[in-house]
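Have a look at the structure below, then the notes.
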Amino acid sequence: MQRRSLLPLLLAPLAAGALPRPLLAQTQAPAAATTPLPVVASFSILGDLAAQVGGSRIAVRTLVGPDGDAHTYQPRPSDAAAIREARLVLRNGLNFEPWLDRLIRSAGTKAQVVTAAEGVATRRMTGEDGHGHDSTDPHAWQNIANARIYLRNIAAALAAADPEGAETYRANASSADSRLAALDEWVRAQVATVPAERRIVITSHDAFGYFGAAYGITFEAPQGMSTESEPSAAQVAALIRQVRARHVTAVFVENMTNPATLDRLAKDAGVTVRGELFSDALSRPGEGAETYEAMMRHNVGLLVPAMRGG
Ligand code: ZN
C-alpha cells in the first residue's frame with residue numbers, strides 16, 4: 001500500500017518539469033486514482049476478507065477490532081468519522097451489528113453500504129431463544145462456503161465503488177476463493193478423523209451453528225446467539241447433565257466472551273476447558289488467528305483432538 005501511494009509523489013516533480021501543462025493534467029489523473037479506496041468493515045473477520053480482495057487498492061478501517069464483541073459494541077466518535085469518509089461500508093448483516101444502522105445514519109455518509117452475507121442460506125435458532133428477538137443466526141462466516149459468498153459480494157461492491165480496479169478485485173477474489181476451497185477440504189478431512197458419536201462441543205455462546213451444520217458437529221452453548229443474553233441456571237444445569245451423560249471432552253471458551261460461565265460449567269461437570277476458539281473476531285497479531293484462514297485452522301486444530309478426547 002505504501003509503495004503504491006508513494007509512487008505518484010515521486011513521479012509528480014519529474015512530470016512537472018518534463019511535460020507541458022495539458023499533458024501534465026493527464027498524467028496526474030491516474031496518480032489520483034491510486035489513492036487507496038477508503039473502506040470501512042464492521043468487524044475484524046470481514047476486514048480481513050475485504051483486505052484479501054482489495055489488496056493495496058483499498059485502505060480498510062475495521063470498527064470492531066481483534067477480540068472485540070460486535071453484538072454489544074459501543075461505537076466511538078472516530079467510527080462515525082471513518083464512515084463519513086468511506087466510499088464503501090461493509091457489514092455482516094443478519095442483525096449481527098445492531099448498532100450499525102444508527103451509526104451510518106448519524107454519520108451522514110454517501111458511502112455504499114453492502115451486506116456481506118447477502119445470498120447465504122441462513123440458519124435459524126431452533127426454539128430456545130425465547131427473547132422475542134429475530135432468531136436468524138448471524139454467524140454465517142463460520143461455514144467456509146458462506147465466506148466464499150462474502151468474497152464474491154465484497155468483490156462486486158469494490159468493483160462498483162472503484163470500476164478501474166474491477167479486474168484486480170476479481171482476480172484477488174478468485175485466488176482467495178481457491179484458498180478457501182482448499183481450506184474447506186482440509187476441515188472436512190480433519191473432522192472425518194473424529195468418530196461421529198464424539199462430534200459434540202460446548203462453547204460459551206451459540207456462534208458455531210453454521211460451522212456445525214456444514215461439517216457435521218453438534219455445538220451446544222449456555223448463552224444464545226447474541227452475547228447480550230445471560231444464560232439461565234436451568235440451561236447451564238442441562239448442559240452439565242449432557243456433558244456427563246455423553247462424556248463430552250470438547251469444552252471451549254471464545255476469545256470475545258467472558259469465560260466465567262464456561263469455567264464454572266466445566267468445573268461442575270468435572271471436565272477441562274480445552275482452550276479458546278475464535279468465533280466473532282480475529283486474534284491480535286502474534287496470537288495465531290490474525291486472518292480468516294488462520295482462525296479456521298486454529299479452531300479446527302483445537303476442536304479435533306478435543307472431540308477425540310486425547
Ligand atoms: Zn456471536
Side-chain angles (χ1 to χ4, degrees), residues 1-2 4-9 12 25-66 68 70-120 134 136 138 140-141 146-147 149-173 176 280-282 292:
M1 198 174 339
Q2 209 142 33
R4 182 179 281 275
S5 58
L6 277 178
L7 192 60
L9 292 176
Q26 281 175 17
T27 51
Q28 277 180 334
T34 60
T35 302
L37 187 81
V39 174
V40 165
S42 60
F43 72 119
S44 55
I45 293 166
L46 194 51
D48 173 61
L49 295 175
Q52 304 288 333
V53 178
S56 57
R57 286 193 73 92
I58 71 170
V60 184
R61 159 75 187 267
T62 292
L63 301 183
V64 185
H71 295 290
T72 58
Y73 183 67
Q74 305 276 346
R76 293 167 299 183
S78 59
D79 296 335
I83 285 178
R84 198 174 306 122
E85 286 152 23
R87 293 278 305 282
L88 174 65
V89 175
L90 294 168
R91 65 176 167 205
N92 182 73
L94 311 179
N95 205 26
F96 180 56
E97 310 100 329
W99 42 271
L100 186 58
D101 281 347
R102 196 171 56 217
L103 181 65
I104 289 169
R105 271 199 306 277
S106 70
T109 184
K110 291 193 173 68
Q112 285 291 311
V113 180
V114 169
T115 300
E118 189 73 53
V120 307
D134 180 359
T136 299
W141 62 86
N146 289 341
I149 293 174
Y150 283 32
L151 288 178
R152 281 207 295 278
N153 289 336
I154 292 166
L158 287 174
D162 171 26
E164 281 181 36
E167 183 50 34
T168 303
Y169 300 136
R170 195 202 57 76
N172 289 350
D280 295 23
L282 300 176
Y292 177 78

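Along the sequence shown, residues carry numbers from 1.
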message = Going by the rule side-chain contact (heavy atoms from CB on, under 4.5 Å), which residues pair with A140 if we only count those two or more places apart in sequence or in a different chain?
response = L94, V120, N146, Y150, Y210
task = Return the minimal non-hydrogen interatomic distance between P98 and A70, and the atom names on each side.
result = CD-O, 4.2 Å
query = V114 and N153: which non-hydrogen atoms are nearest, and at how many Å?
reply = CG1-O, 4.4 Å
request  = Locate the shortest heavy-atom distance separating A86 from A111; write the atom from each residue and the value.
outcome  = O-CB, 3.2 Å
side-chain hydrogen bond (donor to acceptor under 3.5 Å, both in side chains) against T62, all qualifying residues, sequence neighbours excluded = none
query = What closest approach, in Å, do A166 and A159 show between heavy atoms, and which atom pair accounts for it?
reply = CB-CB, 3.8 Å
Contacts of A80 that satisfy side-chain contact (heavy atoms from CB on, under 4.5 Å) - sequence neighbours left out = R84, L103, A107
query = Taking only residues two or more places apart in sequence, or in another chain, which ones meet R170 in a salt bridge (charged side-chain N to carboxylate O under 4.0 Å, His left out)?
reply = E167
request  = Using the test salt bridge (charged side-chain N to carboxylate O under 4.0 Å, His left out), find all partners of R87 that sit at least two apart in sequence or belong to another chain.
outcome  = none
remark   = Residue pairs meeting side chain to side chain donor-acceptor pair (under 3.5 Å), one or both in residues 100-115, sequence neighbours left out, come to R91-D101, R91-T115
request  = Could you tell me whether the side chain of E85 reaches within less than 4.5 Å of the side chain of P38, counting heavy atoms only?
outcome  = no
query = Does D79 have any side-chain hydrogen bond (donor to acceptor under 3.5 Å, both in side chains) partners at least two apart in sequence or in another chain, and if so, which?
reply = R61, Y73
message = Restricting to salt bridge (charged side-chain N to carboxylate O under 4.0 Å, His left out), what partner residues turn up for R152, sequence neighbours left out?
response = none
query = CG/L46 to CG/N92 distance, rounded to the nearest 0.5 angstrom?
reply = 6.5 Å
ask   = In chain order, what residues pass the side-chain hydrogen bond (donor to acceptor under 3.5 Å, both in side chains) check against Y292, with sequence neighbours excluded?
value = none
task = Calculate, to the nearest 0.5 Å, the distance between atoms CG and CD1 belonging to L88 and I58 respectively.
result = 8.0 Å
task = Apply side-chain contact (heavy atoms from CB on, under 4.5 Å) to Y169 and D162, showing your working.
result = CA-CA 10 Å; Y169 300 136; D162 171 26; 2.5 Å; yes
Flag side-chain contact, heavy atom, 4.5 Å: V64 against W99 = yes
task = With rounding to the nearest 0.5 Å, note down the distance linking CZ in F43 to CG in L90.
result = 10.5 Å
ask   = Heavy-atom distance under 4.5 Å between the side chains of L63 and I83, does that happen here?
value = yes
With D280 via side-chain hydrogen bond (donor to acceptor under 3.5 Å, both in side chains) - residues at least two apart = H71, H139, H205
remark   = Nearest heavy-atom contact between A41 and V60 is CB-CG1, 4.1 Å
ask   = Shortest non-hydrogen contact from G68 to A281?
value = O-CB, 3.4 Å
